[in-house]
Amino acid sequence: MTAAVLAEMSASDLAMVIVTGCSIVAVVAVLFALQRILIAVRRVTRTLDELNAQALPLIEELADSLAEANEELARVDRLVGSAESISATVDATSKLAYRALSAPVIKTVAIRSGATRAARRMRRE
């Protein structure tokens, strides 16, 4: 702009030129910021897609492993139940055997002890 053009402009015209220039700079700055934001959003979207692609097979594998572990746990539970049943049966059998054999064994030991004493007395006499 030349000095003649500036002299013919009024203060309001000059203010309008300055506001227009600042507005253009602000719009360019906003567009630049929006472009950077768009690039960042695309990167985040790409990263999330990659993460999703990697995580889904891992989650499926985890679900399969969990199902296998539950099956094994059920099998171990059945084995423990069987062992408890066998233990209870052995315990009951041993108590029954103790009750059935303890009296005859005690009597046999008593008879043998008595017979031994009687044999000693007879030898002495």
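Residue numbers count from 1 along this sequence.
Listed by first and then second residue, the salt bridge (Lys or Arg N to Asp or Glu O under 4.0 Å) pairs that reach into residues 76-92 are Asp91-Lys95, sequence neighbours excluded. Evaluation of the salt bridge (Lys or Arg N to Asp or Glu O under 4.0 Å) test over residues 36-50, restricted to residues two or more places apart or in two chains, returns none.
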### Query
Hey, mind stepping through Arg112 and Thr116 against side chain to side chain contact (heavy atoms under 4.5 Å, CB included) and telling me if it holds?
CA-CA 6 Å; Arg112 182 172 175 253; Thr116 304; 4.2 Å; yes

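Glu72 is linked by a salt bridge (Lys or Arg N to Asp or Glu O under 4.0 Å) to Arg75, counting only residues two or more places apart in sequence or in another chain. The side-chain hydrogen bond (donor to acceptor under 3.5 Å, both in side chains) test applied to Ser12 returns Ser10, not counting sequence neighbours. The side chain to side chain contact (heavy atoms under 4.5 Å, CB included) test applied to Ser23 returns Val19, not counting sequence neighbours.
Think of Leu31 as one node in a network of Ile, Leu, Val, Met, Phe, Trp and Tyr side chains linked at under 4.5 Å; its network also takes in Val27. Clustering of Ile, Leu, Val, Met, Phe, Trp and Tyr by side-chain heavy atoms under 4.5 Å joins Val41 with Ile37. Taking Ile, Leu, Val, Met, Phe, Trp and Tyr as hydrophobic and joining them when side-chain heavy atoms fall under 4.5 Å apart, one finds Val25 isolated, its cluster having no other members. Other residues sharing the hydrophobic cluster of Val44, ordered by chain and number and joined by side-chain separations under 4.5 Å: Leu48.
With Ser87 contributing its side chain and Ala83 its backbone, the two residues share no donor-acceptor pair below 3.5 Å.
Contact annotation: the side chain of Met16 approaches that of Thr20 to within less than 4.5 Å [non-hydrogen atoms, C-beta and beyond].
A distance of 9.5 Å separates CG of Leu79 from CD1 of Ile86, quoted to the nearest 0.5 Å.
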Do any side-chain atoms of residues 56-70 form donor-acceptor pairs under 3.5 angstrom with protein atoms, and if so which ones, sequence neighbours left out?
from, atom 1, to, atom 2, distance (Å)
Ser65, OG, Glu61, O, 3.1
Asn70, ND2, Leu66, O, 3.4

